[in-house]
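Contents: one structure, followed by commentary.
In what follows, every heavy atom counts, from backbone to side chain, and hydrogens, waters and symmetry copies are set aside.
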Amino acid sequence: MSDAQHPAQEENHEGPIKTPKQLVLAVVASFLVPIVVIILLANFVNFGGKTGAGSDGMSEEAVSRRIQPVGSIEIREAGGGPPKTGEQVYQAQCAACHAAGAAGAPKLGDEAAWGPRIKTGYDALLTSALKGKNAMGAQGGGEFSDFEIGRAVVFMANKGGGKLDEPKAPEAAASAPDAAASK
């Protein structure tokens with residue numbers, strides 16, 4: 001075969017790099033270009049605050065909720081106004097369980113359920129109400145004075161067939177020994 005029959009084989013097989021300077025530039029570029037591309041991609045991905053899908057965990061509101069103080073102080077006026085009646089305390093706190101009989105609480109007006117409890121006396125009922133009993137927490141979970149809780153105990157017991165006397169106000173009880181001592 002002659003050279004004229006295979007012209008494609010005779011083509012020059014040289015590469016694009018012809019000088020040592022071009023070789024050095026190609027080697028340096030082969031290292032630097034990927035590094036620059038990686039840095040640019042990393043900056044693109046990390047740019048700005050990203051949140052997870054459906055999450056607002058990094059929003060200003062969510063962050064402020066997480067770092068807010070655990071407790072708070074509530075300043076109330078000393079005395080807090082006139083004491084609540086037994087019915088007011090019952091409606092505010094006790095009715096949640098005693099109206100429906102939830103968690104074994106005796107229903108208001110159920111003489112059969114209240115009878116044995118009333119026989120234990122006012123002091124036993126008051127102690128149960130103040131300290132809690134069974135599923136009921138101390139003061140039924142409320143924030144009332146002992147006097148107000150006593151009034152609620154009398155209210156509920158009397159609705160259940162009891163004939164308990166209303167407890168004396170703390171001021172009257174405190175001044176009674178002074179009056180007895182002065183006689």
What side-chain donor-acceptor pairs closer than 3.5 Å can you find for residues 19-29, not counting sequence neighbours?
| unit_1 | atom_1 | unit_2 | atom_2 | d |
| --- | --- | --- | --- | --- |
| T19 | OG1 | Q22 | N | 3.3 |
| Q22 | OE1 | K18 | N | 2.6 |
| Q22 | OE1 | T19 | N | 3.3 |

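The side-chain heavy atoms of C97 and M136, taken from C-beta on, include no pair separated by under 4.5 Å.
From I38, atom CD1 reaches atom CG of N43 across 12.0 Å, with rounding to the nearest 0.5 Å. To the nearest 0.5 Å, the span separating CZ on F155 from CD on E148 amounts to 14.5 Å. In this structure, OG in S128 is found 12.5 Å from CD1 in I149, a value given to the nearest 0.5 Å.
V33 belongs to a hydrophobic cluster whose remaining members, ordered by chain and number, are V37, L41; membership requires side-chain heavy atoms of ILVMFWY residues under 4.5 Å apart, directly or through intermediates. Here V36 is tied into one hydrophobic group with L40, each link being a pair of ILVMFWY side chains closer than 4.5 Å.
In the hydrophobic clustering of ILVMFWY residues, with side-chain heavy atoms under 4.5 Å counting as a link, M156 and F147 come out apart.
Shortest non-hydrogen contact noted between A113 and P116 is O-CD, 3.7 Å. The two residues P106 and H98 make their nearest non-hydrogen contact at O-ND1, 2.7 Å.
Judged as a ring pair (Phe, Tyr, Trp, His ring centres under 6.0 Å), not a single pair has a partner in residues 15-36 (not counting sequence neighbours).
A search for side chain to side chain contact (heavy atoms under 4.5 Å, CB included) contacts involving E60 returns nothing, not counting sequence neighbours. Under the salt bridge (charged side-chain N to carboxylate O under 4.0 Å, His left out) criterion, E166 pairs with R151, not counting sequence neighbours.
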